[in-house]
Structure formats: structure tokens, C-alpha cells
Amino acid sequence: MRAFCAILSTCLCLCLAEDEIIDLTHTFGKRTIYWPGNPPFNFSNVFRSPFGVASVEANAFETAEHSGTHMDAPRHFCPEGKRMHELVMDRLSGPGVVIDVRKQSEDNLDFQVTEQTFRDWEEEHGTIPDGAIVLFNFGWDKFWPNRKQVFNTEDVMNPSTFHYPGLSPNGTKWLTSNRKVHAVGGDTPSPDYGQSSLFETHVILLCDNGIVILENVANLNSMPATGTKVYIGALKLENGSGTPVRLFAVPMSSASVTRCSMLLLALTLLFAERLY
Ligand SMILES: *[C@@H]1O[C@H](CO)[C@@H](O)[C@H](O)[C@H]1NC(C)=O
Ligand SMILES: *[C@@H]1O[C@H](CO)[C@@H](O)[C@H](O)[C@H]1NC(C)=O
């Protein structure tokens with residue numbers, strides 16, 4: 001009986017632990033970082049009043065699309081690209097792939113991911129699955145929401161002074177030609193590195209391939225390299241070229257949960273058999 005309880009509780013713990021959802025989103029508010037040139041964030045009170053034994057509260061907010069943890073729809077860079085409300089749901093989820101390039105980015109603030117980065121990752125973790133949401137951990141989360149550190153400049157209004165890592169156009173071409181991914185993103189403000197002026201990686205992803213982009217992703221240190229499903233909780237914004245998102249990852253535990261409940265059932269039957 002004691003052994004049975006031990007196994008039962010271990011099993012339950014495993015089931016619960018595996019179901020923990022990982023939030024990949026920075027809190028959205030006054031400190032949220034915007035690309036220079038965007039209007040400021042505005043949050044205001046519509047009403048706050050007592051209502052019987054409760055109280056009613058409602059606020060209004062105004063925000064630029066491309067701010068905080070957010071996504072780019074193809075229309076952001078492409079005249080024929082899809083807008084937010086036109087994206088099919090299938091595009092907004094997929095197996096999570098986290099590529100850890102913190103070391104390379106620390107050694108070189110202008111580091112750019114190449115084909116080799118993908119090959120090294122695949123050697124360790126296997127082929128990037130179809131429909132993947134590929135997220136780069138550049139180690140930038142720790143700078144949020146310090147604007148000067150995130151853009152890595154003294155002049156946050158001048159993009160030509162920005163320095164942060166990104167994806168090289170060549171590396172991006174390798175990915176899009178050889179793997180079928182749904183989204184590409186990272187914890188920096190752009191998949192093009194800070195010194196880019198042509199934003200070629202944006203164009204390759206959004207225009208040539210209709211792959212959506214995720215920027216200023218949070219909390220990648222808590223994500224395993226594989227074994228999750230990522231969901232892009234995006235506003236279905238009419239005509240939008242992008243929107244802030246609630247990005248999250250769910251460990252792909254359904255298989256193990258099923259295994260776990262089967263084990264529980266087997267144990268229960270075994271136990272019941274002993275009793276009678
Ligand atoms: C990237 O591609 C360009 C041509 O588009 C080529 O000149 C360059 O050598 C390539 N770089 C790498 C690192 O493969
Ligand atoms: C979206 O664009 C269409 C076509 O130009 C227009 O009719 C519609 O009013 C726009 N919607 C919004 C919310 O701007």
C-alpha cells in the first residue's frame with residue numbers, strides 16, 4: 001500500500017509538473033519598448049465605481065502595433081502580404097524550437113546566426129520539425145526594459161547606432177529553403193541585427209516565405225530546446241500589420257499524460273484485484 005501511494009504521488013507530480021505553461025511575454029505597459037518613431041503607449045481609466053457589493057472597472061489603451069513582445073504579419077514589409085486578420089490559425093502555433101546563442105552574442109554584440117548555427121543545433125537536437133516556431137535566445141531578456149541596453153546605444157532614437165545580434169540573411173535563406181517553419185523570433189527587437197539598414201531578414205521571412213516574426217520574446221531561459229508547443233496569442237486586428245501578443249509554450253505532455261493515466265489505471269486495477 002505504501003509503495004502504491006509513493007508511485008501514485010510520483011506519477012501525479014510528474015503529470016502536474018509537465019503541464020506548467022511557460023509565459024514568453026513581457027508585461028505590457030508604460031515601460032514597454034517601442035521602435036523609435038512610434039506614438040507613446042496610453043492607458044486611461046474609463047470608469048471605476050462601486051457596483052452593489054462589487055465594483056466595476058474598465059480602462060482603455062492605445063498602442064503602436066510593433067511594441068513589446070509582438071509579432072509582425074507579412075504586411076509589415078510586403079505590399080501583397082497578409083494582414084493580421086487574414087492569418088490562418090495554423091500559422092500561429094507549432095512545435096517550439098529554442099536555439100541558444102547567448103555565448104556567441106556575448107562575445108560579439110553584432111553576432112549573426114548562420115547556416116552553421118542551425119546545423120550545430122540539429123546535430124544535438126534533431127531536425128527542426130515542420131511548422132516549428134523557432135526562437136533565438138540571444139541573452140537579451142536580462143536587459144528589458146532598459147531601452148539603452150536593449151538597443152545597446154546611447155542614442156535610442158537613432159537606429160544607425162543600434163548594436164544587437166540577429167539572423168544573417170544567408171542563414172535565414174538556408175532555414176526557409178530547407179525547413180518548413182511557421183514563425184521565427186527572438187528576445188531582441190528585430191531578427192535583423194542592430195546594424196542592419198536593409199532589413200533583409202525581415203523581407204526573406206515575411207515577403208518571400210510568409211513566415212511571421214516574433215520580437216522581444218521574454219523568458220527563453222525557462223524554455224527547453226524542444227518538447228513544447230508554442231502558441232501566438234495575437235489580436236485579430238482588422239488591417240493590422242502586427243500586434244502585441246501573449247506568447248506562451250505548453251510542454252507537449254499529452255503523450256506522457258496519457259501514459260501516466262494508463263499507468264494509474266493499471267495500478268488501480270492491480271490494487272483492486274489484491275483487495276478482492
Ligand atoms: C552570404 O551570401 C553572399 C551572397 O549573397 C555571399 O557573398 C557570402 O559569402 C555569404 N556569406 C556566408 C557566410 O555564407
Ligand atoms: C480595412 O481596410 C478596408 C479596405 O481598405 C477598409 O474598408 C476598412 O475600413 C479598414 N478597416 C479598418 C479598421 O481600418
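Atoms within each ligand, like the ligands themselves, are counted from 1 in listed order.
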Under-4.0 Å salt bridge between E115 and R119:
yes
Of all the non-hydrogen atoms in the protein, which one sits nearest to atom 13 (C) of ligand 2, and at what distance?
E238 OE1, 3.0 Å
As a test of the contact definition, would atom 5 (O) of ligand 2 count as having a protein heavy-atom neighbour under 4.0 Å?
no
Would you say atom 11 (N) of ligand 2 has a protein heavy atom nearer than 4.0 Å?
yes
Determine whether the aromatic ring centres of F162 and W35 lie less than 6.0 Å apart.
yes
By the definition side chain to side chain donor-acceptor pair (under 3.5 Å), identify the one residue from H66, E65, H202 that meets it with H76.
H66
What I want to find out is whether D23 reaches R246 closely enough, with some N-O distance under 4.0 Å, to be called a salt bridge.
yes
For ligand 2, which atoms sit closer than 4.0 Å to a heavy atom of N239?
1 (C), 2 (O), 3 (C), 8 (C), 10 (C), 11 (N), 12 (C), 14 (O)
